[in-house]
**Student:** 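Questions regarding the structure given below will be posed in turn.
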Amino acid sequence: MSIPADYHMHTPLCRHATGEPTELAAQAVKLGLPEIGFSDHSPMARDDFDDWRMKAAELDQYVAKVEKARRNHPNLLIKLAMEVDYLPGHEAWIHDLAQRHPWDYFIGSVHYVSETWALDSPSQISKWKNRDPFEVWTAYFDRLTMAAESGLFDVIGHADLCKRFCFYPKQDCTSLYTHFLDAVESHDIAIELNTGGLRKDCKEIYPSPQIVHLAAERRIPITFGSDAHAPGEVGMNLTEAVELARSTGYTHYCQFTKRKRSEVILPR
Ligand SMILES: [Zn+2]
Ligand SMILES: [Zn+2]
């Protein structure tokens, strides 16, 4: 099976990835990908917010690196995007970022369930041990729903990142998922199938088959992303994600150009 567009890839500017954009693009060409999109971790209004993203002053450098990859690989479609952290209160900053460059899309991701706790951070895993998983998952999906309703994003990233370390609630979470997906549907945005989860403790694509099924019922558009933090991860497991999409009834995925969405047939 051929590989779909990989819309979730990082660069060394975020301080925890290797491989320049042009190197990731070279790998994509080698694998025969039709299209890729760089979606590095967006800067925050305060550079000292955390230590796993580019600084605000590096934004132009980021765009220049993506442009260089485009020049070096003229036959590969390369999109300019960011994975933007959604936190309540950061909306004006995100709106400002959107004005600065001709972005193709913004992935809205929730990593932070409070101002200081990124729930997927290995250095903060001890916080899970003092909390009820259902309470954390509820806080996570509440924020994800707010992200979908914000109008700031084209795609919602890794929609059940809260499963990363396998702190699963005992309760049924279906109503958290449907509340979130109803917001995605009514705001006419997409979700991504992110294979990064397969490389984590949860060993499962984000989001789960249950959520992909619920999304398919609502005809919510999808993108695919490897969440590559190194050239060797480009396109990784995306054919599995395509199979998951197909098994739930999807026939198409989507691409973005200057924040306009269009449909592409799933690869065979
Ligand atoms: Zn990262
Ligand atoms: Zn992320």
Side-chain angles (χ1 to χ4, degrees), residues 6-21 23-24 36-44 47 49-55 58-59 62 65-66 79 81-87 90 94 97 103 105-114 116-125 128 136-137 139-141 143-148 150 152-165 180 184 189-208 211 222-238 241:
D6 187 343
Y7 261 24
H8 195 140
M9 307 195 310
H10 293 277
T11 84
L13 285 172
C14 71
R15 286 150 236 283
H16 61 280
T18 57
E20 292 298 325
E23 297 173 82
L24 275 75
I36 58 172
F38 289 95
S39 56
D40 210 359
H41 298 287
S42 65
M44 293 285 195
D47 282 338
F49 188 86
D50 60 26
D51 60 359
W52 48 274
R53 64 188 64 254
M54 70 182 88
K55 297 189 190 311
E58 291 170 331
L59 201 58
Y62 172 59
K65 283 172 185 276
V66 174
K79 298 297 165 70
M82 281 201 294
E83 179 183 18
V84 181
D85 272 80
Y86 177 76
L87 286 91
H90 290 221
I94 298 166
L97 285 175
W103 308 107
Y105 58 94
F106 269 6
I107 298 176
S109 289
V110 172
H111 303 99
Y112 282 91
V113 287
S114 74
T116 54
W117 182 22
L119 54 60
D120 64 326
S121 165
S123 67
Q124 294 182 300
I125 194 170
W128 277 101
V136 180
W137 283 49
Y140 172 80
F141 276 98
R143 285 197 168 192
L144 208 62
T145 303
M146 290 170 76
S150 70
L152 294 166
F153 307 116
D154 307 289
V155 184
I156 298 295
H158 46 57
D160 61 356
L161 183 68
C162 49
K163 74 185 172 191
R164 175 181 167 153
F165 297 121
F180 160 64
V184 169
I189 59 173
I191 63 168
E192 70 164 0
L193 271 57
N194 179 315
T195 58
L198 293 168
R199 308 192 296 273
K200 301 296 190 277
D201 296 351
C202 59
K203 301 250 186 300
E204 187 179 73
I205 289 170
Y206 303 119
S208 64
I211 296 174
I222 51 169
T223 61
F224 297 100
S226 65
D227 218 333
H229 283 72
E233 292 173 352
V234 172
M236 196 174 248
N237 302 116
L238 292 192

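Both counts, for ligands and for their atoms, begin at 1 and track the order of listing.
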**Student:** Checking only N/O/S atoms, does His229 have one that is under 2.8 Å from the Zn ion (ligand 1)?
**Tutor:**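 So His229 does bind the Zn ion (ligand 1) by this criterion.
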**Student:** Tell me the protein N, O or S atoms under 2.8 Å from the Zn ion (ligand 2), in chain and number order.
**Tutor:**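 Per the 2.8 Å query on the Zn ion (ligand 2), atoms found are Glu83 OE2, His111 NE2, His158 NE2.
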**Student:** Could you tell me how the ring of His16 sits relative to the ring of His41: parallel (under 30°), tilted (30 to 60°) or perpendicular (over 60°)?
**Tutor:**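 Correct class here is tilted.
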**Student:** Just by distance, with hydrogens left out, do Ser109 and Glu83 show a side-chain donor and acceptor under 3.5 Å apart?
**Tutor:**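 Yes.
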**Student:** Ring centres under 6.0 Å, that's the criterion: do Tyr112 and Phe49 meet it?
**Tutor:**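 Between Phe49 and Tyr112, which both carry aromatic rings, the centre distance is below 6.0 Å.
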**Student:** Once side-chain hydrogen bond (donor to acceptor under 3.5 Å, both in side chains) is applied, do any residues pair with Asp40, and if so which ones, sequence neighbours excluded?
**Tutor:**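 In terms of side-chain hydrogen bond (donor to acceptor under 3.5 Å, both in side chains), with neighbours along the sequence ignored, Asp40 is linked to His10, Thr11.
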**Student:** Hey, could you give me the CG/CG distance between Leu238 and Leu193, rounded to the nearest 0.5 Å?
**Tutor:**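 Separation between the atoms: 9.5 Å.
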**Student:** Are His158 and His111 close enough that their ring centres sit under 6.0 Å apart?
**Tutor:**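 Yes; His111 has its ring centre under 6.0 Å from that of His158.
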